[in-house]
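For reference, the structure discussed in these notes is given below.
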Amino acid sequence: MRDAIRLGLAEAATVGALPAAAGELGGAVEVERPGNPEHGDLATNLALRLARPLRMAPPQIGAALAAGLNALADRDPAFPILRAAVAGPGFVNLVVRDAALERRTMAALERPADWGRTPAGPSPRHVNVEFVSANPTGPLTVGNARGAFVGDLLARVLEAGGQRVTREYYFNDSGTQVRNLGASVLAIRHHQPLPEDGYHGDYVADLAGALPGDLAGVAGLSDAGREEREWAVGRWASERIRAGIEASLAVLGVHFDAWTTEGSLHAEGWVEQAIERLRAGGHLYDQDGALWFRSTALGDDKDRVLIRANGQPTYFAADVGYLVQKFSRGFDHLIFVWGADHHGTVARVRNAAAAMGYDKAAVEMILTGWVRFVRDGVEISMSKRAGTFITLDELLGDLGADAARWYFASRGANVNMDVDIELARRQSSENPVYYVQYAHARIASILRKAADSGLTRARSVSGLLAGPEEGRLARVVVRFPEVVEDAATAQETHAITTYATELATAFHAFYRDARVVDPAEPERSAGRLALVEAARITLANALGLLGISAPESM
RNA sequence: GCGCCCGUAGCUCAGUGGAUAGAGCGUCAGGUUGCGGACCUGAAGGUCGUGGGUUCGAGUCCCGCCGGGCGCGCCA
């Protein structure tokens, strides 16, 4: 459609209605759907956009563009636009030819698996999306959940947009918190008091119960032996928790392609390599016995320590090593899904990437907004260490994965929100996701009914869309690929949920006005069955893109 | 104090500088002797936090202020 408008612009330039330069300016054609149906199927504000560069009044440009489009429509019966007209301050309203709608509807029916997906192209961008990355010292909480939803939805929408995605989970398997966890498990196992800053949750007791005897040892070890044992138990517990996290995420439909540990970045020399790169570029200096990165030279508020005076690398050093590790794996673009509290680290990591010679624009952080869980208007404070938290498993048990996914998919990643647990439980049945799923189930039911009546789907929808009810539904169905493409560009999913709701509404209205299964009218039924199947495929793909099921009945 | 994010209908949220600011939920009033009533039709409800500025045009961009959140470690 955008191409068609560019052709119209070129046509106007060719016949001299617009300056010759106009033909070159169609790059950023914007097509939108008018709020008012009387304005046609589509509208473009191109004439308003071109007013400045062309130094002409928008209505004048619009009239020329409309004339160009109409000339093409008259000349070429296959031109997707039937007619164009300028209106208001310079909008060009477009009516789409039925044949063009029918072609796109057929595309959904002929290749349902591809419908809505942007073709990948010969060398798709390969994106690394790192998310969740909670350290395995306790089960995933609802606090971690935001990142899980946002990251997975982002990965899915990028894939649908034709990009290659690797989902990655980063965690620390060697920090003092691991030893602390081990000490906590051992303390409970041996009925001793928990260490200061120990972990208190029920899951720690569960781990203590499950701890194999040879690891548990005997109580009252000497201090030297105790430390070693705490580390060993910590590593055991940590891996067990990590596996539990993996299982929780699997229930959500979230799977990772790579699990990377902070320890491996040091052990495999990535941190060292990063430091050498920075040193070679003159970005490092020694002060007070520590090794610093001159981040201020690139606009940060302060310089950052990479190696402490005691010789230990900082967490930031691992981040920098991780950049080298990821880029050396061949990714074109790195996305980090972080909680909003990490915004202070964005600048330094991106600066380090630039200092090492990578493209700063290829390192992107998406900061998720805060989710405050409240009960009766009072925030529920959560602490993993104190053992007071709501787990992701509990949330899913209450809401179900589909409702939870929809909830997060329909909101921007960076907005803060309050979730009232009780309200969410009560309202889960009001979740719009069921409205959309219901439309899908209703169509599935119709298709079953049709099969029982011996009716079959038409092989072509040619001529079908002349019916006003059919036309209205088809006009929504055919928008799907552009909705997906735009969502992938924006890296947001709420356009998908909004669209899916609109399509469900359009179908429900169609259902009211047009009987599909009618043995007395087999031919008309066949055509409508094809259209309704196209709508079903679209609903299923929209839901599938969000990781939500499309039930045949409910 | 400095920096970043947020402020849109009663609630939860959409809204690439463009036409009359939208949706769901909630509220109110209606609708089915037909393929699934988890549905449909309609109504009420808005100083887009606030004051300036840029622009032919601002919820959107810029500046100030108010309110909320988060950061500002040789922690992770």
Side-chain angles (χ1 to χ4, degrees), chain A residues 28 30 32 34-36 38-39 43 45 47-49 51-52 57-58 87-91 93 135 137 171-172 175-177 262 287-292 300-302 304-319 339-347 367-370 372 406-407 410-412 414-420 423-424 426-427 429-439 441-450 452-453 455 486 489-490 492 494-495 497-498 501-502 504-505 507-509 511-519 525 528-529 532 553-554:
Chain A
E30 296 175 17
E32 60 182 25
N36 186 340
E38 288 172 19
H39 290 152
N45 62 356
L48 294 125
R49 295 253 155 213
R52 210 180 303 261
F91 289 96
N93 294 325
N135 280 334
T137 55
F171 66 102
N172 186 353
T176 54
Q177 55 187 345
E262 186 183 340
Q287 188 180 310
D288 303 329
L291 182 65
W292 295 72
D300 201 356
D301 0 12
K302 51 186 73 169
R304 308 291 172 177
V305 171
L306 285 164
I307 308 289
R308 289 183 267 256
N310 67 7
Q312 291 299 309
T314 60
Y315 183 86
F316 173 57
D319 276 345
D341 54 338
H342 283 69
H343 71 77
T345 66
V346 170
L367 302 178
T368 61
W370 226 239
R372 290 195 337 143
W406 184 277
Y407 190 85
S410 56
R411 285 153 179 79
N414 64 340
V415 301
N416 298 325
M417 50 197 192
D418 283 1
V419 176
D420 185 315
L423 202 62
R426 257 182 283 132
Q427 286 184 346
S429 64
E430 315 291 343
N431 191 305
V433 71
Y434 299 117
Y435 177 79
V436 176
Q437 289 181 320
Y438 180 65
R442 218 178 195 186
I443 296 175
S445 170
I446 288 174
L447 297 175
R448 286 192 297 269
K449 201 98 180 174
D452 291 346
S453 308
L455 292 167
D486 290 347
T489 303
E492 291 277 7
H494 41 250
T497 59
T498 303
T501 306
E502 251 181 82
T505 298
F507 165 72
H508 286 308
Y511 177 87
R512 177 198 62 213
D513 295 330
R515 186 173 179 78
V516 177
V517 178
D518 186 357
S525 293
R528 287 180 172 174
L529 280 168
V532 149
S553 65
M554 54 192 289

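It should be emphasised that the depicted structure is a prediction, and the values quoted were computed from it without experimental measurement. To find a chain, count down the sequence lines: A is the first, B the second, and so on, and within it residues start at 1.
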Per the atom types in the model, does the base of A38(B) pair as donor or acceptor with the side chain of Asn431(A) at under 3.5 Å?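 Under the 3.5 Å cut-off, the side chain and the base do not form any donor-acceptor pair.
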
[atom1]-based separation of [M] from [N] [nearest Å]:
| N | M | atom1 | result |
| --- | --- | --- | --- |
| A43(B) | A21(B) | P | 15 Å |
| C65(B) | G3(B) | P | 10 Å |
| G31(B) | G45(B) | C1' | 23 Å |
| C48(B) | G22(B) | P | 14 Å |
| C63(B) | U55(B) | C1' | 16 Å |

Out of C70(B), G34(B), G15(B), which nucleotide sits closest to the side chain of Arg515(A)?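 Selected nucleotide: G34(B).
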
Do Arg411(A)'s NZ or CZ and the ring of Tyr407(A) fall within the cation-pi criteria of under 6.0 Å and 45°? yes

In Watson-Crick or G-U wobble terms, with both distances under 3.5 Å, the base opposite A9(B) is none

Counting only N and O atoms by type, is there a donor-acceptor contact under 3.5 Å from the side chain of Arg304(A) to the main-chain atoms of Lys302(A)?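 Side chain of Arg304(A) to backbone of Lys302(A), a donor-acceptor pair under 3.5 Å: yes, one is there.
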
Does the structure show Tyr511(A) stacking with C35(B), if we require the centres to be closer than 5.5 Å and the planes to be within less than 30 degrees of parallel? yes

May Phe91(A) be described as stacking on the base of A19(B), applying a 5.5 Å centroid limit and a 30° limit on plane angle? yes

If I take atom CH2 in residue Trp406(A) and atom C1' in nucleotide C13(B), what distance separates them, rounded to the nearest angstrom?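 For the pair Trp406(A) CH2 and C13(B) C1', the rounded distance is 13 Å.
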
Can a side chain N or O of Arg411(A) be found less than 4.0 Å away from OP1 or OP2 on A23(B)? no

Could you pull out the protein-nucleic contacts involving nucleotides 6-9 of chain B (nitrogen or oxygen on both sides, under 3.5 Å)?
from	atom 1	to	atom 2	distance (Å)
C6(B)	OP1	Asn414(A)	ND2	3.4

Touch class at under 4.0 angstrom, heavy-atom based, for Ala340(A) against every strand present: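 Answer is sugar-phosphate: Ala340(A) comes under 4.0 Å of backbone atoms only.
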
Would you indicate what His343(A) reaches in the nucleic acid, counting non-hydrogen atoms under 4.0 angstrom: base, sugar-phosphate, or nothing? base

Which atom names give the shortest non-hydrogen contact between Ala504(A) and Tyr435(A), and what distance separates them?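 Looking at all heavy atoms of both residues, the shortest contact is CB-CE2, 3.6 Å.
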
